[in-house]
Amino acid sequence: MLLSPGYRRLLLLCVLLGVPIALACFFFVGLQHQLQHWVWTSLPEAAGYDTPPWWWPLPALVLAGLVLAPIVTRMPGAGGHLPVNGLGGPPVGPKALPGAVLAALATLPLGVVLGPEAPLMAVGSGLALLAVRRAGAGGDRRAGAILATAGSTAAISTILGGPVAAAVLLIEGAGLAGAQMVVLLLPCLLASATGSLVFTGFGQWTGLKIGALALPDLPPAANPDAGDFLWGVPTAALIAVLITLARELGHRTVSWTRRHTAVRTVACATAVGVCVAAYALITGRSPAEAALSGQAALAQLAADPHAWPLGALIALVACKGLAWGIALGSLRGGPIFPSVLLGTATAMACSGLPGFGVTPALALGVAAAAAAVTGLPLSSAVLAVLLTGGDAYDQMPLIVTASVVSFIVSQLVRRTEPETAPRPATGAAA
């Protein structure tokens with residue numbers, strides 16, 4: 001199959017698709033961040049506030065619910081996948097793509113406590129399937145599935161550190177083996193690499209911030225020792241329990257919103273706003289730290305963890321965790337970015353324990369949270385390694401241990417999920 005002319009044409013098409021998909025993702029994320037900056041920085045400053053006041057999330061989230069309700073109930077695709085189901089499910093097709101994009105651009109900047117990864121994957125798969133149909137190859141279901149998966153992988157690679165992280169996510173999530181895995185992996189690698197190159201180039205050319213998950217500043221390097229493992233293993237287990245309980249809340253929210261969907265969607269968005277406002281009231285800090293997807297707060301926490309009092313970290317985990325659980329089952333977006341912030345905040349809150357270092361806590365927090373929310377321990381370890389950069393070599397044993405422990409504990413804690421929920425994976429698994 002690898003030597004057949006049809007497969008070579010498929011690889012070439014994936015390279016060509018990587019360019020428009022990366023451009024679409026770039027402008028999607030760029031526009032989202034411009035809107036987010038306007039809502040949480042420019043508008044409060046215009047109203048005379050240095051930072052958003054504690055009540056700011058309340059009207060923002062009510063507006064998000066009012067905008068999202070008709071999209072969920074009336075548009076094809078209901079605004080995209082429910083985030084409580086992870087990144088799994090069938091690829092989003094061209095008909096459902098407008099609803100998914102509109103739901104993300106209209107609500108993520110308002111602070112729905114979800115990330116951009118699921119909408120980006122919808123953009124990738126939707127554009128790939130549209131290209132297949134335009135080329136007159138819509139009847140080839142196998143080629144369409146590969147191209148849709150390649151499109152999703154190219155899109156997610158733009159914010160997960162490049163094509164390697166996306167490829168590992170695909171390998172583990174799709175559950176393929178042997179030659180089948182290679183056949184699917186090569187197009188995704190090519191599309192991801194091409195898309196990553198274009199995405200980065202446009203960022204340098206335009207100067208727009210694209211908001212990829214990154215930690216530019218980290219605490220001083222420190223090798224993990226016995227104390228880090230002594231406290232790190234139970235901390236990873238604690239993170240898994242918290243993330244899994246929040247997901248269970250998401251499943252209960254799904255059941256609650258099946259009836260009177262429009263009204264209850266607005267009610268859930270309002271509840272998210274109350275949780276975020278409660279964080280600002282309790283801590284006296286900006287509500288933006290608990291709202292939004294968490295990339296900015298994660299970078300701030302990694303750069304200066306001592307600027308966050310223990311009480312603020314606990315309040316962040318409690319308030320944002322509750323808001324995230326509600327949003328998972330009612331709103332639209334990605335589940336990974338907020339969970340990584342929750343896991344990191346939990347680990348940082350525990351880093352004051354005797355013999356537990358800040359840098360090891362940061363690394364295991366990322367890995368444990370990602371493993372608990374995705375069910376993909378290898379991909380989670382790779383993501384943590386990429387985020388910790390030069391410190392990853394020393395922290396790798398702790399990262400892998402935390403990822404495995406979190407995965408096992410989350411499986412033990414997790415109750416039986418609804419049969420309609422797909423296994424955690426990329427859009428390729430379907």
Please find the pair of heavy atoms, one from [X] and one from [Y], that lie closest to each other, and give the distance.
X	Y	answer
Arg264	Trp256	NH1-O, 2.6 Å
Gly65	Val266	O-CG2, 3.5 Å
Ile282	Cys319	CD1-SG, 4.2 Å
Val409	Ala237	CG1-O, 3.7 Å
Ala363	Ile399	CB-CG1, 3.7 Å
Pro116	Gln32	CB-OE1, 3.5 Å

Polar side-chain atom of [X] near backbone of [Y] as donor-acceptor pair, under 3.5 Å:
X	Y	result
Ser339	Ile336	yes
Ser380	Ala371	yes
Thr107	Ala103	yes
Ser406	Ala402	no
Trp231	Gly355	no
Asp228	Pro360	no
Arg247	Gly325	no
Ser351	Val358	no
Ser379	Leu376	no
Arg332	Gly80	yes

Rounded to the nearest 0.5 Å, what's the gap from [atom1] on [X] to [atom2] on [Y]? Could you check?
X	Y	atom1	atom2	answer
Leu298	Leu362	CG	CG	7.0 Å
Ser42	His37	OG	NE2	4.5 Å
Phe229	Thr401	CZ	OG1	4.5 Å
Asp50	Thr41	CG	OG1	11.5 Å
Thr235	Leu398	OG1	CG	9.5 Å
Ile326	Cys268	CD1	SG	6.5 Å

Less than 4.5 Å apart, side chain to side chain, heavy atoms only: is that true for [X] and [Y]?
X	Y	value
Cys350	Phe356	yes
Lys320	Pro338	yes
Leu114	Leu108	yes
Leu110	Gln36	no
His251	Asn85	yes
Leu82	Leu328	no
Pro109	Trp40	no
Leu127	Leu17	no

Just wondering, more than 12 heavy atoms not from Trp55 lying within 6.0 Å of its CH2? yes
Given Ile239 and Leu364, is the side chain to side chain contact (heavy atoms under 4.5 Å, CB included) satisfied, shown in steps? CA-CA 10 Å; Ile239 291 170; Leu364 79 87; 4.3 Å; yes
Go through the steps to decide whether Trp324 and Leu249 satisfy the test side chain to side chain contact (heavy atoms under 4.5 Å, CB included), and finish with yes or no. CA-CA 9 Å; Trp324 180 64; Leu249 175 59; over 6 Å; no
Might you work through the side chain to side chain contact (heavy atoms under 4.5 Å, CB included) test for Ile243 and Ser410, ending with a clear yes or no? CA-CA 8 Å; Ile243 296 295; Ser410 65; over 6 Å; no
Just do the side chain to side chain contact (heavy atoms under 4.5 Å, CB included) check on Val123 and Val101 with the steps written out, would you? CA-CA 7 Å; Val123 170; Val101 171; 3.8 Å; yes
